Amino acid sequence: MWALRVPQTFQNPVLPIPNKPRDCAAAAKPPDTINLRPSTTLTAAVIATTTNQLIQSLCKRGNVKQALQVLPHEENPTQRTYELLILCCALQNSFSDALTVHRHLIDNGFDQDPFLATKLINMYSELDCIEYARQVFDKIRRRTMFVWNAIFRALTLAGHGIEALDLYREFNRIGYCSDRFTYTYALKACVVSESLVSLLNNGKEIHGHIFRRGFETHIHVMTTLLDMYAKFSCLSYACRVFERMPVRNVVSWSAMIASYAKNGRPFDALNLFYEMMLECHDFLPNSVTTVSVLQACGNLSALSQGKLIHGYILRRGLDSLLPVKSALVTMYARCGDLESAQYVFDKMNKRDVISWNSLISGYGIHGFGAKAIQMFEEMISLGVAPSPVSFISVLGACSHAGLVIEGKRLFNSMVKQHGISPGVEHYGCMVDLLGRANRLDEAASIIEDMPLEPGPKVWGSLLGSCRIHCNVKLAERASSRLFELEPNNAGNYVLLADVYAEAKMWDDVKRVNKLVESRELQKVSGCSWIEVRRKMYSFKSVDELNPQIEQIHALLVKLSKEMKEQGCLPNTKPVLYDLDSEEKQRILLGHSEKLAVAFGLINTSKRETIRITKNLRLCEDCHSVTRFISKFANRDILVRDVNRYHHFHDGVCSCGDYW
DNA sequence: GTAGGGTTAG
């Protein structure tokens with residue numbers, strides 16, 4: 001099935017290419033007196049013996065304006081002259097000059113030249129003028145494979161996936177055969193679609209064509225195919241493509257590592273990286289590979305692994321590129337080592353908006369909202385324009401720190417001061433900011449008034465806040481929308497059941513749990529992990545696999561007695577079942593994060609910070625127990641949950657019990 | 001004359 005949609009741009013097919021002033025065209029004589037800068041006149045004139053050569057020479061120097069001054073004096077501009085003019089306009093990013101060249105080319109009868117049409121399509125694509133590229137394509141009668149591939153590339157780069165696939169269907173219908181380039185563009189078109197409807201089936205259909213036409217051995221096509229499946233989170237398909245590739249190179253390995261890193265399988269990403277180091281003797285990982293590996297380390301909070309990779313990057317001299325440095329900043333921040341993140345950032349001799357965003361979000365997840373705002377403002381004062389992601393980072397930081405007024409101010413400054421209209425993600429941040437701060441009505445009215453369709457993330461933020469502040473009515477409203485939008489996301493049902501449990505509405509808890517069972521949904525079970533002496537240990541609730549499990553349980557029972565003696569009673573709210581208090585306490589003692597903390601206490605030295613990561617939100621009881629342990633055992637404990645960091649020190653948590 | 005993998009958020 002092909003999805004069809006007429007693009008908006010087709011409604012106005014004739015685009016304004018201005019007419020060349022005729023008096024200029026009439027002056028077709030040798031350029032004996034042309035007003036050029038003295039230095040240019042000298043150097044260009046020495047090399048050029050004809051006007052065509054002079055124009056070409058000026059283009060090669062990037063002087064498109066001067067080349068255009070000379071152009072009217074050339075009676076017979078050649079294809080090569082136009083080619084260089086087009087390339088120069090694209091390189092100089094000059095749209096007005098591009099239109100002049102295009103007009104001139106039409107006037108001189110070159111508009112049906114497929115070679116120049118290809119170049120024009122590429123030029124308009126680079127100038128972000130996809131409508132003009134499409135018009136060139138529509139007008140050219142002789143469509144070579146270069147012309148077709150150029151428009152597929154342009155549409156794909158512009159994110160017009162549906163339009164590209166629509167045209168690709170036409171291409172096949174007419175009887176053209178895809179080559180290796182067409183296949184890569186068509187596959188990419190499936191993932192860049194602006195539509196909410198998944199084009200995975202189109203991708204699978206193209207895969208079928210590739211298979212039947214014997215392109216399954218082509219490394220570029222296969223790598224793009226692998227990447228397409230990964231972008232649709234179809235990891236098993238991506239793996240199969242990777243495994244069946246007859247030849248692999250650094251790009252195919254990197255693509256597979258990135259697929260794991262981006263799809264919640266950081267362990268596999270790291271394992272594959274190491275396998276690559278062991279198995280591949282003809283090539284080494286490059287900077288792109290290491291960026292994905294750093295991302296995996298950050299996702300795992302695997303600080304010592306991250307440091308190892310950092311060492312490797314330095315030894316190989318891969319640290320000169322900005323993406324590697326930004327990835328290092330993120331890795332250190334996500335691994336809980338903000339000092340190192342700041343150190344890497346400080347040592348950067350050049351920074352772009354992404355480097356700043358990395359640091360801002362780092363401060364955000366650690367709960368240092370004011371510092372994140374300070375960095376955001378410093379970035380602007382240094383002349384770096386904030387991107388939409390900068391606002392997500394800084395608004396997220398406000399949300400974690402409860403900085404409602406500052407968050408509102410920053411949100412309002414988006415359009416007024418920076419010309420960025422808020423996207424769904426920004427509204428989601430505001431719902432989160434207000435909701436967490438128990439301003440649930442305000443959060444709900446943000447959703448009602450927003451000009452965009454609130455997606456599942458926005459309703460999810462509201463439901464999350466309803467869970468924190470136990471608002472049954474609003475939770476029911478948010479979840480009914482979420483059940484429509486994401487019927488298979490078990491997390492939403494769990495959140496609603498949490499709200500009912502807290503309100504002691506046990507019949508409703510049962511009803512929601514039955515719904516989960518009847519829909520055969522898989523709840524994500526809590527999992528925590530800890531890195532001890534460069535090894536990762538993971539824990540699930542009621543874990544019997546760890547050889548030290550008895551020792552861990554004994555320690556937790558001892559600590560819980562100690563807590564009770566000091567008047568700290570267990571918080572049984574997080575237990576969703578209607579059980580007696582003792583049974584609830586027993587369940588609470590089996591929570592994965594407590595097991596990991598106890599394991600850390602047993603297996604690390606007194607001065608070491610215990611670093612734990614959890615795949616879900618930290619539960620209230622585990623939070624208060626960890627706070628107690630940090631004082632009682634005099635240990636610094638760092639816990640990263642799905643949202644943010646908690647630094648426990650001397651009985652206090654950095655989140656101020658606000659998370 | 002065209003091609004594959006990577007950085008920031010939630």
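All figures in this text were calculated on a predicted structure; none of them were measured in a lab. Note on naming: letters A, B, ... go to the chains in the order of the sequence lines (proteins, then strands), and numbering restarts at 1 for each one.
Remark: Arg467(A) engages Asp498(A) in a salt bridge, criterion side-chain N to carboxylate O under 4.0 Å. Between Arg481(A) and Glu453(A) there is a salt bridge, since at least one side-chain N of the basic residue sits less than 4.0 Å from a carboxylate O of the acidic one. Salt bridge Glu377(A)/Arg409(A): present, at least one basic N to carboxylate O contact under 4.0 Å.
By the 6.0 Å and 45° rule, Arg240(A) stacks over the aromatic ring of Tyr237(A). For the pair Arg143(A) and Phe137(A), the distance from NZ or CZ to the six-membered ring centre is under 6.0 Å and the angle to the ring normal is within 45 degrees.
Using a 4.0 Å heavy-atom cutoff across all strands shown, Asn249(A) reaches at least one base atom of the nucleic acid. Contacts of Val221(A) with the nucleic acid, taken as non-hydrogen atoms under 4.0 Å apart, are absent. Counting any heavy atom pair closer than 4.0 Å across all strands shown, Arg153(A) reaches sugar-phosphate atoms only and no base atom. Residue Ser461(A) is classed as having no contact, given no heavy-atom separation below 4.0 Å to the nucleic acid. Among the heavy atoms of the strands lying under 4.0 Å from Ala258(A) are primed sugar atoms or P, OP1, OP2 only; no base atom is included. In this structure, Asn149(A) reaches the bases: a heavy-atom distance under 4.0 Å links it to at least one base atom across the strands shown. Counting non-hydrogen atoms under 4.0 angstrom, Pro114(A) reaches a base of the nucleic acid. Counting non-hydrogen atoms under 4.0 angstrom, Glu83(A) reaches nothing in the nucleic acid. Counting any heavy atom pair closer than 4.0 Å across all strands shown, Ser358(A) reaches sugar-phosphate atoms only and no base atom. The residue Ile219(A) sits close to a base: some heavy atom pair falls under 4.0 Å. When heavy atoms are screened at a 4.0 angstrom cut-off, Asn643(A) is found touching no nucleic acid atom at all. Contacts of Lys188(A) with the nucleic acid, taken as non-hydrogen atoms under 4.0 Å apart, involve only primed sugar atoms and P, OP1 or OP2. The residue Ser259(A) sits apart from the nucleic acid: no heavy atom pair falls under 4.0 Å.
With sequence neighbours excluded, the residues that form a side-chain contact (heavy atoms from CB on, under 4.5 Å) with Ser326(A) are Met348(A), Asp352(A), Ile354(A), Ser355(A), Ser358(A).
Atom C1' of nucleotide dG10(B) and atom CZ of Arg334(A) are separated by 10 Å, given to the nearest angstrom. Rounded to an integer number of Å, the gap from His218(A) NE2 to dA3(B) P is 12 Å. Protein atom CG of Asn263(A) is 11 Å distant from nucleotide atom P of dG6(B), rounded to whole Å. At whole-Å resolution of the value, CG in Leu226(A) and P in dG6(B) are 10 Å apart. Atom CH2 in Trp148(A) sits about 19 Å away from atom P in dA3(B), given to the nearest Å. We find that CD of Glu216(A) is positioned 16 Å from C1' of dG4(B), with the value rounded to whole Å. Atom OH in Tyr363(A) sits about 18 Å away from atom P in dT8(B), given to the nearest Å. The distance from atom NE2 of His220(A) to atom P of dG4(B) is 7 Å, rounded to the nearest whole Å.
Set against dG10(B), dG1(B), dT8(B), the side chain of His400(A) has dG10(B) as its closest nucleotide. In this structure, the nucleotide among dG10(B), dG1(B), dA3(B) sitting nearest to the side chain of Lys457(A) is dG10(B). Among dG5(B), dG6(B), dA9(B), the nucleotide with an atom closest to any side-chain atom of Leu321(A) is dG6(B).
You'll find a donor-acceptor pair under 3.5 Å spanning the side chain of Asn286(A) and the base of dG5(B), going by distance alone. Evaluation of atom-type donor-acceptor distances gives no pair under 3.5 Å for the side chain of Ser292(A) against the base of dG6(B). For dG5(B), its base sits under 3.5 Å from the side chain of Ser254(A) at one donor and acceptor pair at least.
Within the 4.0 Å cut-off from OP1 or OP2 of dA9(B), at least one side-chain nitrogen or oxygen of Ser361(A) is found. Contact annotation: Gln295(A) side-chain N/O to dT8(B) OP1/OP2 distance is under 4.0 Å.
Summarising the local packing, OH of Tyr274(A) is surrounded by more than 12 heavy atoms from other residues, nucleotides or ligands at distances under 6.0 Å.
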